[in-house]
Amino acid sequence: MIDEDWQPRPEPADTQGVALHVAAVVPLPADVGGEGEVLVLSAFGNMKLPQGRVRANESLHRAVKRVVLGSTGADVTPDRLL
């Protein structure tokens, strides 16, 4: 398990519009019928993982929690950084 304070890499002096993003792979728990499936968002026939931008001075752990909660309503506890 990784500490809850995962930190994003330092931003370069000149970011030129480059932003750090996270995407979450959230396995569906067995108690809600999950059998190896993962949580995805679907709109207009497209599917994607919950994803979003990391805010300034925000840890990667906190960004994942915020992005998943905001896009799905699921309160998750991230345990691995890939």
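If you're wondering where the values come from, they're calculated on a predicted model, not measured in any experiment. Atoms considered below: every heavy atom in the structure, side chains included; atoms not considered: hydrogens, waters and symmetry mates.
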Quiz item: Minimum heavy-atom separation for A74 to V68, with atom names?
Solution: O-CG1, 3.6 Å

Quiz item: Does any non-hydrogen side-chain atom of L28 lie less than 4.5 Å from one of V38?
Solution: no

Quiz item: How far does NE2 of H61 sit from CZ of R66, to the nearest 0.5 angstrom?
Solution: 13.5 Å

Quiz item: Does the side chain of K65 reach to within under 4.5 Å of the side chain of D75, using non-hydrogen atoms?
Solution: yes

Quiz item: When rounded to the nearest 0.5 angstrom, what is the spacing between CZ in R62 and CG in N57?
Solution: 14.0 Å

Quiz item: Distance-only, no hydrogens or angles: does the E37 side chain make a donor-acceptor pair with backbone N or O of E35 under 3.5 Å?
Solution: yes

Quiz prompt | Under 3.5 Å: donor-acceptor pair, side chain of K48, backbone of S42 | solution = no

Quiz prompt | Where L41 and P50 come nearest, the two heavy atoms and their spacing | solution = CD1-CA, 3.9 Å

Quiz item: Do V22 and L81 share a hydrophobic cluster (ILVMFWY, side-chain heavy atoms under 4.5 Å, transitive)?
Solution: yes

Exercise. With rounding to the nearest 0.5 Å, note down the distance linking CG in L49 to OG in S71.
Key: 10.0 Å

Quiz prompt | side chain to side chain contact (heavy atoms under 4.5 Å, CB included) between L60 and L20, worked out | solution = CA-CA 9 Å; L60 298 177; L20 186 61; 3.8 Å; yes

